[in-house]
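Letters go in sequence order (proteins before strands), and every chain restarts at 1.
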Protein chains: 2
Amino acid sequence: MEGKTVAARIHDLDEQLTSAGRRAARGLLGNYPLLGLAPVAEFAAGADVSAATIVRFVAQLGFKSYPDFQRALREELEQRSKSPLQRGATPADHSGEAPYLSAFLAQSAHRMEESAALISPGEFETVCRRLTETKRNCHLAGGRFTDFLAGYLEAHLRLIRPGIRRLDGRPATSADQLIDVKPGDLAILFDVRRYDPAMLEVARTLSRRKAHIVLITDEWLSPIARHARYCLPCRTETGRTWDANAVLLGLVEAIIARVTELGWQTASERIGALEGE
Amino acid sequence: MEGKTVAARIHDLDEQLTSAGRRAARGLLGNYPLLGLAPVAEFAAGADVSAATIVRFVAQLGFKSYPDFQRALREELEQRSKSPLQRGATPADHSGEAPYLSAFLAQSAHRMEESAALISPGEFETVCRRLTETKRNCHLAGGRFTDFLAGYLEAHLRLIRPGIRRLDGRPATSADQLIDVKPGDLAILFDVRRYDPAMLEVARTLSRRKAHIVLITDEWLSPIARHARYCLPCRTETGRTWDANAVLLGLVEAIIARVTELGWQTASERIGALEGE
DNA sequence: CAATTTCTGTAACAGTAGTTCCACAAACGA
DNA sequence: TCGTTTGTGGAACTACTGTTACAGAAATTG
């Protein structure tokens, strides 16, 4: 119990967390561990919950008090900075210029691994399981630079199971698409920064219709997060002109792989039938 | 005054510090910046001075209050972790069993790094340079599961430069699209395993019309490779039902990033104009 | 060597943080 | 659809932390 990192504790709880508790967890993992070192009020504001929720969250993690929790974070941070490897690691790459492509791909790869830490394993698993429930329909939509992800996921899910619907983001046409959304339906939305107002509107409508929203977003969390039951954030920041959506695709492929495994009975038949053509 | 790091401020003071003040400085620099994030009492104990001294020290550094000082430290830490390659931000999570998602993303990440070795840096660079030659048109096309990559690349290249054309893979319609392909034009084709015969046909035609083909494919090389002037293969094998196209998207994003850099003059203007809307 | 100045730690103070309680709202199950 | 349960945020409360004043200990200078 003592030796565990705070991040690990969060992943342990995971299922037991309530909606607001989860927002707190997301916020903290989002810029870990800095938000936890701020005063409660600031943490609360950053995670978009009340101060009371933060205190409850910290108590759930097994800490006696908020200061106690902060001490744990500091000690963790101290451990990390004292461990020998990374001191040399970061500055060393200036020696002998690495080819552009290697450096770029290494960076993307690194961000992909970081994203794994950002996403709660239980939440991922839950989302995948829900995707195998073929009784409910599943709706997909993405914004300007993420719509292709929705398309990619759609193409694969269609092979695996029935009941997949694609929404387009334009408010005009989406209105009538949204009519046949039933309570309890699943909706997977993609939204990354410069967040799309149209997507937010779609999310609002879905929320009103009691659909369960799965949000796939970047580390700064789309405003849709407030309406989302499940939230899967990825590290996309590059410091360059464009953010890295390859990480998002990695996540999408992970979902496809997992859902294929879980629903292999159905999937193999369908895929077999389609391959045959 | 505002932008200075706390460490820099300490060095500035230096001579002006009294004996106890210096102990405080030593303590903080000794395990920077963690001690400063602790409560005053703890900071004091760690630096072996009284709490009052710490407060005076912080005031000397130019901060209005101790909380103010801590905020500065946190912001500094946030900056640092966000700008250059993240210092091994969240690595030490390998405790215990690796969750599905982590394992999957780690695998994807690994394959991404391998791909860097697979692709000749010179070839990559050449392709990017040719993409900045705006005198020649550039045509894009992809197969069933890769067409979205062509779309993604198209969307970004359009922002950067003129003369981008998208071909669709259907032989019927592609015929007339291919009419305005001129000798020396660039054509970027995506083709991965279970290779698309239609794509091969498109490649043949392009080849006949003396277009220079850039092929983005998997490690087993599409048959198009014979017609391609440049060939950029990626590791996509997963051993599962589906191959990993996230690696391909990584490569595409690398191209986008590099081309943006090379043609920044043109690109920045165009992007700026479009952002303005 | 003594008087003066500067610096330091202790102890009381004040303010702000963390904590807790309660009423309300949302989700769940009958 | 209605009651029950659970979760949530606002507001009061408490406790701790940062702050400040003061008195004693060094250090410095005449």
Next on the checklist: Among residues at least two apart in sequence or on other chains, which ones pass ring pair (Phe, Tyr, Trp, His ring centres under 6.0 Å) with A:Phe69?
Outcome noted: A:Phe63, A:Tyr66

Item to check | Gap between atoms CD1 and C1', on B:Ile54 and C:dC7 respectively (whole Å) | outcome: 15 Å

Next on the checklist: Tell me every residue that passes ring pair (Phe, Tyr, Trp, His ring centres under 6.0 Å) with A:Tyr152, counting only those two or more places apart in sequence or in another chain.
Outcome noted: A:His156, B:Phe148

Next on the checklist: Taking side-chain contact (heavy atoms from CB on, under 4.5 Å) as the criterion, tell me which of B:Asp243, B:Asn245, B:Thr238, B:Val247 meets it with A:Glu253.
Outcome noted: B:Asn245

Next on the checklist: Under the salt bridge (charged side-chain N to carboxylate O under 4.0 Å, His left out) definition, can you give me all pairs with a residue in residues 53-62 of chain A, not counting sequence neighbours?
Outcome noted: none

Item to check | Row check, B:Tyr100 ring normal vs A:Arg258 NZ/CZ: under 6.0 Å, within 45° | outcome: yes

Item to check | Contacts of type side chain to side chain donor-acceptor pair (under 3.5 Å), residue A:Gln60, not counting sequence neighbours | outcome: none

Checklist entry - With sequence neighbours excluded, what pairs up with B:Glu42 under the side chain to side chain donor-acceptor pair (under 3.5 Å) test? => result A:Arg71, A:Arg74

Checklist entry - Using a cut-off of 4.0 Å between protein heavy atoms and nucleotide atoms, how would you tag nucleotides 9-21 of chain C 5' to 3' with B, S and -? => result BB-------SBB-

Item to check | Residue of the set A:Leu140, A:Leu131, A:Val127 for which side-chain contact (heavy atoms from CB on, under 4.5 Å) holds with A:Val214 | outcome: A:Val127

Pairs: protein N or O with nucleotides 25-30 of chain C N or O, under 3.5 Å:
none

Checklist entry - In degrees rounded to 10°, what angle is found between the helical axes fit to the five outermost pairs at each end of the helix from C:dC1-D:dG30 to C:dA30-D:dT1? => result 30°

Checklist entry - Residues two or more places apart in sequence or in another chain: which of them pass side chain to side chain donor-acceptor pair (under 3.5 Å) with A:Arg23? => result none

Item to check | Flag side-chain contact, heavy atom, 4.5 Å: A:Ile255 against A:Phe124 | outcome: yes

Checklist entry - In chain order, what residues pass the side chain to side chain donor-acceptor pair (under 3.5 Å) check against A:Asp196, with sequence neighbours excluded? => result none

Run the side-chain donor-acceptor check on residues 46-55 of chain A: report pairs under 3.5 Å with partners two or more places apart or on a different chain.
residue	atom	partner	partner atom	Å
A:Asp48	OD2	A:Arg226	NE	2.7
A:Ser50	OG	A:Thr53	N	3.4
A:Ser50	OG	A:Thr53	OG1	3.2

Checklist outcome for this item: Nt span of DNA chain D in reach of chain A heavy atoms at under 4.0 Å, 5' end first, is D:dG7 to D:dG10

